[in-house]
Colleague: 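Below: one structure in structure tokens.
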Amino acid sequence: MSASVTRTTMMDVSRKAGVSLKTVSRVLNDEPNVREEVRLRVREAAEALNYHPNVLAQALVRRRSHLIGLVYENPSPSYVVELQMGVLERLRGERYRLVVIPVSSVAEHEQEIVGLLRSAALDGVVLAPPASDNPRILKDLTAAGIRFARIAPTRDVDLGPSNLIDDVSAAREVAQHLLDLGHRDIAVIQGDPTHASTAMRMKGYELAFAAAGARLSPDRIEQGLFTRDSGYAAAQRILSRSQRPTAILAQNDDMAVGALMAARERAVRVPDELSIAGFDDSEVSRITWPTITTVRQPVFEMAVSAADMVLAQLEHGDVRPRQDHPHTLILRESTGPVSPDRAKETA
């Protein structure tokens, strides 16, 4: 017969600390007007007795669930991990817990998402792209009174606290890098068309080409979905043509890795015969070979900041409208100068 286990209660903490039950409750709920000496004594008693407050009971008393949601669609594993780690880093030591809410297609389920968040009784939510750009979701969250913060929105950035990166400038910089290396016959693998960042990055590429007096040919543009497989398939189409480009711009690192795999299968040497550049500086760009030239988007830092914005609203009613984050061009082994022969062909 197994021994019974007696659960430690607030009354036990009260007796050990030598204070009233109400004082224990006030200390454990972080209420004001408790002397520091008393607060310390209660916490030491709770720790000695291995007492842990009932989170559900606290939520009922405070009418708070202390749950923060993270809504995302992006299929890149590296991107998603950085999002989660960033939010978790900010919640470390706080009473709030993270609820991860992956959505297969924000565009297809936009009318359902806020209802799902309400049924989960979330206090607040961090929105990653493309949810951070979805007008229906932003409107429904505001109407429901659910606090939120946005990561990398590309439009209507004043509709709620936002963490921004200049996608256009970042894309222009990585395209300019290839143009400076002498590349003119450059192919593009676009991301998911339902993500606003896809159009913004395309605009950046076009600006770089225009400034260099070069032309981005429409028949060099292939559709991807921000996944490695879609990048691989797009690169296969690009490389199967009689005239190969000298470089590929992929709109994220996963698709760049897919392009690298396709080149390897066809014995196309990177970067000697084909340069490949990505976007995000996710972990996969650093561990593949050759390592991938990319643009660092500070996803982790943006997630930390977004979670902080949600907590500031919940705890202090403090609404911080925006935080701009820098990008950085990261030069690695996957890009190099165009060969002299190809430079003559494309001049």
Colleague: Would you find more than 12 non-hydrogen atoms of other residues, nucleotides or ligands less than 6.0 Å from E112 atom CD?
Modeller: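 Counting other residues, nucleotides and ligands, CD of E112 exceeds 12 neighbours.
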Colleague: List the atom of A212, the atom of L179, and the distance in Å for their closest heavy-atom pair.
Modeller: CB-CD1, 4.0 Å
Colleague: Looking at D166 and R172, is there a salt bridge between them, counting it only when a charged N and a carboxylate O are closer than 4.0 Å?
Modeller: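 Answer for the salt bridge query: no.
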Colleague: Would you indicate whether the side-chain heavy atoms of S305 and E301 approach each other to under 4.5 Å?
Modeller: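 E301 vs S305: side chains apart.
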Colleague: Counting only heavy atoms not in Q236 (residues, nucleotides, ligands), do more than 12 fall under 6.0 Å from its CD?
Modeller: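 More than 12 within 6.0 Å, yes.
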Colleague: Provide the closest heavy-atom pair for Q251 versus G191 in the form atom of the first, atom of the second, distance.
Modeller: OE1-N, 2.9 Å
Colleague: Are a donor atom and an acceptor atom from the side chains of Q297 and D280 found within less than 3.5 Å of each other?
Modeller: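 Per modelled atom types, Q297 and D280 side chains form a pair under 3.5 Å.
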Colleague: If we ignore angles and hydrogens, is there a donor and acceptor under 3.5 Å between the side chains of T335 and H177?
Modeller: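 Side-chain D/A pair, T335 to H177: present.
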Colleague: Tell me the closest heavy-atom pair linking A277 and A256, and the distance in Å.
Modeller: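 Smallest heavy-atom distance, with atoms named: O-CB, 4.2 Å.
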Colleague: Please tell me whether T227 and D229 have a donor and an acceptor in their side chains that are separated by less than 3.5 angstrom.
Modeller: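 Judged by distance alone, the side chains do not pair up.
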Colleague: Can you list the steps and then say if R150 with D156 is a salt bridge (charged side-chain N to carboxylate O under 4.0 Å, His left out)?
Modeller: CA-CA 11 Å; R150 306 161 71 190; D156 297 325; over 6 Å; no
Colleague: Report yes if some heavy atom in the side chain of S240 is under 4.5 Å from a heavy atom in the side chain of R266; otherwise report no.
Modeller: yes
Colleague: Are S339 and E273 packed together at the side-chain level, in the sense that at least one heavy-atom pair is separated by less than 4.5 angstrom?
Modeller: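 A side-chain contact under 4.5 Å is absent here.
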Colleague: Does a side-chain heavy-atom distance below 4.5 Å link T198 with F226?
Modeller: yes
Colleague: Hydrophobic clustering (ILVMFWY, side-chain heavy atoms < 4.5 Å, transitive) - are L116 and I146 grouped together?
Modeller: yes
Colleague: State whether the side chain of T9 and the backbone N or O of M11 hold a donor-acceptor pair below 3.5 Å, judged by distance alone.
Modeller: yes
Colleague: Do L117 and L141 have side-chain heavy atoms sitting under 4.5 Å apart?
Modeller: yes
Colleague: So, S162 side chain and R322 main chain: donor-acceptor pair closer than 3.5 Å or not?
Modeller: no
Colleague: Please give me the minimum heavy-atom distance between I137 and V114, naming the atom from each residue.
Modeller: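 Residues I137 and V114, closest heavy atoms: O-CG2, 3.8 Å.
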Colleague: Would you kindly confirm whether L249 and F279 end up in one hydrophobic cluster when ILVMFWY residues are joined by side chain heavy atoms under 4.5 Å apart?
Modeller: yes
Colleague: Any side-chain hydrogen bond (donor to acceptor under 3.5 Å, both in side chains) pairs touching residues 129-147, not counting sequence neighbours?
Modeller: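 Applying side-chain hydrogen bond (donor to acceptor under 3.5 Å, both in side chains) to every pair that reaches into residues 129-147, excluding sequence neighbours, yields E110-N134, D133-T154, R136-D140.
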Colleague: For atom CZ of R118, decide whether the heavy atoms of other residues, nucleotides or ligands shown that lie under 6.0 angstrom number more than 12.
Modeller: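 12 or below, so no.
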Colleague: Side chains of L70 and P102: closer than 4.5 Å at any heavy-atom pair?
Modeller: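 Result no, sub-4.5 Å side-chain heavy-atom pair not found.
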Colleague: Check whether any side-chain heavy atom of I276 lies under 4.5 Å from a side-chain heavy atom of P271, and answer yes or no.
Modeller: no
Colleague: Please determine whether a side-chain nitrogen of the Lys or Arg among E37 and R41 lies less than 4.0 Å from a carboxylate oxygen of the Asp or Glu.
Modeller: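 R41 and E37: salt-bridged.
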Colleague: Tell me every residue that passes salt bridge (charged side-chain N to carboxylate O under 4.0 Å, His left out) with R320, counting only those two or more places apart in sequence or in another chain.
Modeller: D308, D318
Colleague: Looking at side-chain heavy atoms only, is the closest gap between D185 and Q243 below 4.5 Å?
Modeller: yes
Colleague: Quick one: do L260 and L239 end up in the same hydrophobic cluster if we chain Ile, Leu, Val, Met, Phe, Trp and Tyr together by side-chain heavy atoms under 4.5 Å apart?
Modeller: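 Same hydrophobic cluster.
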Colleague: Is it the case that the side chain of E73 and the backbone of A131 share a donor-acceptor pair, with hydrogens and angles ignored and the cut-off at 3.5 Å?
Modeller: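 Between the backbone of A131 and the side chain of E73 there is no qualifying donor-acceptor contact (under 3.5 Å).
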Colleague: So, R237 side chain and Q223 main chain: donor-acceptor pair closer than 3.5 Å or not?
Modeller: yes
Colleague: Tell me yes or no: between the side chains of R201 and Q190, is some donor less than 3.5 Å from an acceptor?
Modeller: no
Colleague: Could you tell me whether R92 and E89 have a side-chain N and a carboxylate O separated by less than 4.0 Å?
Modeller: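 A salt bridge links R92 with E89.
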Colleague: Group every Ile, Leu, Val, Met, Phe, Trp and Tyr by side-chain heavy-atom contacts under 4.5 Å, then state whether Y232 and I292 land in the same group.
Modeller: yes
Colleague: Taking all non-hydrogen atoms of both residues, which atom of V310 and which atom of V125 are closest, and how far apart?
Modeller: CG2-O, 3.6 Å
Colleague: Restricting to non-hydrogen atoms, name the atom on M255 and the atom on A250 that form the minimum distance, rounded to 0.1 Å.
Modeller: C-CB, 4.0 Å
Colleague: Holding to salt bridge (charged side-chain N to carboxylate O under 4.0 Å, His left out), I want the full list of residues that pass it with E82, two or more places apart in sequence or in another chain.
Modeller: none
Colleague: Among the clusters formed by ILVMFWY side chains lying less than 4.5 Å apart, do M202 and M200 turn up in the same one?
Modeller: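 Each belongs to a different hydrophobic cluster.
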